[in-house]
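In what follows, every heavy atom counts, from backbone to side chain, and hydrogens, waters and symmetry copies are set aside. Note on naming: letters A, B, ... go to the chains in the order of the sequence lines (proteins, then strands), and numbering restarts at 1 for each one.
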Amino acid sequence: MATGTDLELMLRVRGGDAESFGELLHRYRTPLVSYFNRLLRDPALAEDLAQEVFLRVYQARQRYQPEAQFSTWLYRIATNLAINTIRDRREVDCRSSETADGSEEEPPAAKLVDPKPSAEQRLIETSRKLLIRQAIEALPENQRTAVILHKYQEVDYRHIARILGVSVSAVKSLLFRAYETLRLRLEPLVKGGQL
Amino acid sequence: MKCTKREKLFAYALRQLEGREEKEIRGHVAQCDRCREAAEQYWKVDTVLDEWQALEPSPWFDARVRQRIEATGAKEPLRVWPWLGGGVVWSPVRVGGVVVLLLAATLAVLHNRMPSGVPYDEDGSSEATYFPARQNPAGAAKMRSEDELKLYENLPVLEDYDMLSDFDLLSEFRKGAKKIED
């Protein structure tokens, strides 16, 4: 198994080292799949997109320049993919909401997947996890992405700023507002009670 | 110390403060119930979010990635002559390009070294060519004169297969013909 920092591995991948690519795959497949699943709430799609990220990394390997941290570059690719997927879905939802007479209904709020999970999903997920998932899902896109990157992908403020293309102070503001909203939505859990 | 802005308490709860600033807030929170409660709420939200666990990829994830790479034809670049060009990776396209250039250069050199005139046969026929054995196999046996040897002296001998196949002619060279100069 190849060893070294992410940067060292990626430079070796640039030189054609398949083993180093395998090590990067090993390090980032779970974080990426989880990242996409939290953003999109679709495990199959999450895997598909995570695979797509690795494919793009491999295809772009010879152009790779170590200007940013490897994980920052990786998550930027992933975030762009996720945003495009979300927007494509939003367009499909808007188009499918047209009524029979051609007029357009009020477009639904930006949603990633059906906010009402099926009965089967309720059986599978605990009510606490469901509440957490829905609370994060309900956040505006940038706040949701910032929370997931910071909380679950353990990306620091500076790199979140580069991934989202905003300033560090904007990231701090996004996270603060997100947590203010989550504090209210998750009140039953935060106050220590069981649902 | 005045009560702290909620943004600062939030940063403190998420351990984003350092040094003197962190110490100041920590001291204030220890003494102010309202600020302590606010910081604790943010800390509890952060803890609750931990309950949403990571999704593990499927066992065939790596294999699928490799399949997709192979499907797009994004193969490993050739590690040809790694000492040439330092960190340059020699992809098949690059190698092919270099080979084509070398061939073109070789052909250009060969073309430039050919004499401009076309020798004629002894009988003056227009069928005489620079490579009489190739164009007139029947007449090859006739060409054993000194003039013919001089003709071949200037040829890039080893590149003329017809000459090499004519071993009789080569024996003439061994008998003391002039050394062929490049």
Problem set entry | Atom CD of Glu37(B) with >12 non-hydrogen neighbours under 6.0 angstrom | no
Distance col, row Gln51(A):CD vs Arg66(B):CZ, nearest 0.5 angstrom, shows 12.0 Å
Looking only at Ala135(A), Gly22(A), Ala50(A), most heavy-atom pairs under 4.5 Å shared with chain B are made by Ala50(A)
Shortest non-hydrogen pair, Arg133(A) vs Trp52(B), comes out as CG-CZ2, 4.0 Å
Here the gap from Ser34(A) atom OG to Gln53(B) atom CD, rounded to the nearest 0.5 Å, amounts to 10.0 Å
In this structure, NZ of Lys172(A) is separated from NZ of Lys8(B) (nearest 0.5 Å) by 7.0 Å
Check: Hey, any chance Leu45(A) and Tyr28(A) share a hydrophobic cluster, counting ILVMFWY side chains that come within less than 4.5 Å of each other, even indirectly?
Finding: yes
When the 4.5 angstrom heavy-atom criterion is applied to His150(A) and chain B, the contacting part is side chain
Check for me, please, whether Ile148(A) and Ile86(A) land in the same ILVMFWY cluster - side-chain distances under 4.5 Å, paths through other members count.
yes
Can you hop from Ile83(A) to Ile160(A) via hydrophobic side chains spaced under 4.5 Å? no
When the 4.5 angstrom heavy-atom criterion is applied to Tyr35(A) and chain B, the contacting part is neither
Closest non-hydrogen contact found for Lys129(A) with Glu51(B) is CE-O, 3.6 Å
Interface check, chain A: of Leu14(B), Thr47(B), Leu55(B), most non-hydrogen pairs under 4.5 Å belong to Leu55(B)
Scored by heavy-atom pairs under 4.5 Å with chain B, the best of Leu186(A), Leu175(A), Thr30(A) is Thr30(A)
Under a 4.5 Å side-chain heavy-atom rule over Ile, Leu, Val, Met, Phe, Trp and Tyr, are Leu74(A) and Leu11(A) clustered together? yes
So, the part of Phe61(B) with a heavy atom under 4.5 Å from chain A: the answer is both
Cut-off 4.5 Å, heavy atoms of chain A, and the answer for Gln16(B) is side chain
Ranked by heavy-atom pairs below 4.5 Å to chain B, first place among Leu32(A), Val147(A), Asp48(A) goes to Asp48(A)
Taking NZ, NE, NH1 and NH2 as the nitrogens, is one of them in Glu47(A) or Arg64(B) under 4.0 Å from a carboxylate oxygen of the other?
no
- Query: Does a side-chain heavy-atom distance below 4.5 Å link Thr72(B) with Tyr58(A)?
  - Reply: no
Bottom line for Tyr157(A): the part with an atom under 4.5 Å from chain B's heavy atoms is side chain
(message) Keeping Lys151(A) on the side-chain end and Asp46(B) on the backbone end, is there a donor-acceptor pair under 3.5 Å?
(response) yes
The interface call for Tyr152(A) against chain B, heavy-atom contacts under 4.5 Å, is side chain
Checked Val48(B), Val65(B), Val45(B), Leu49(B) vs chain A; the most non-hydrogen pairs under 4.5 Å come from Leu49(B)
Original post:
Going hydrophobic residue to hydrophobic residue with side-chain gaps under 4.5 angstrom, can you get from Tyr179(A) over to Leu184(A)?
Top reply: no
CZ (Arg68(B)) and CG (Leu55(A)) are apart, to the nearest 0.5 Å, by 6.0 Å
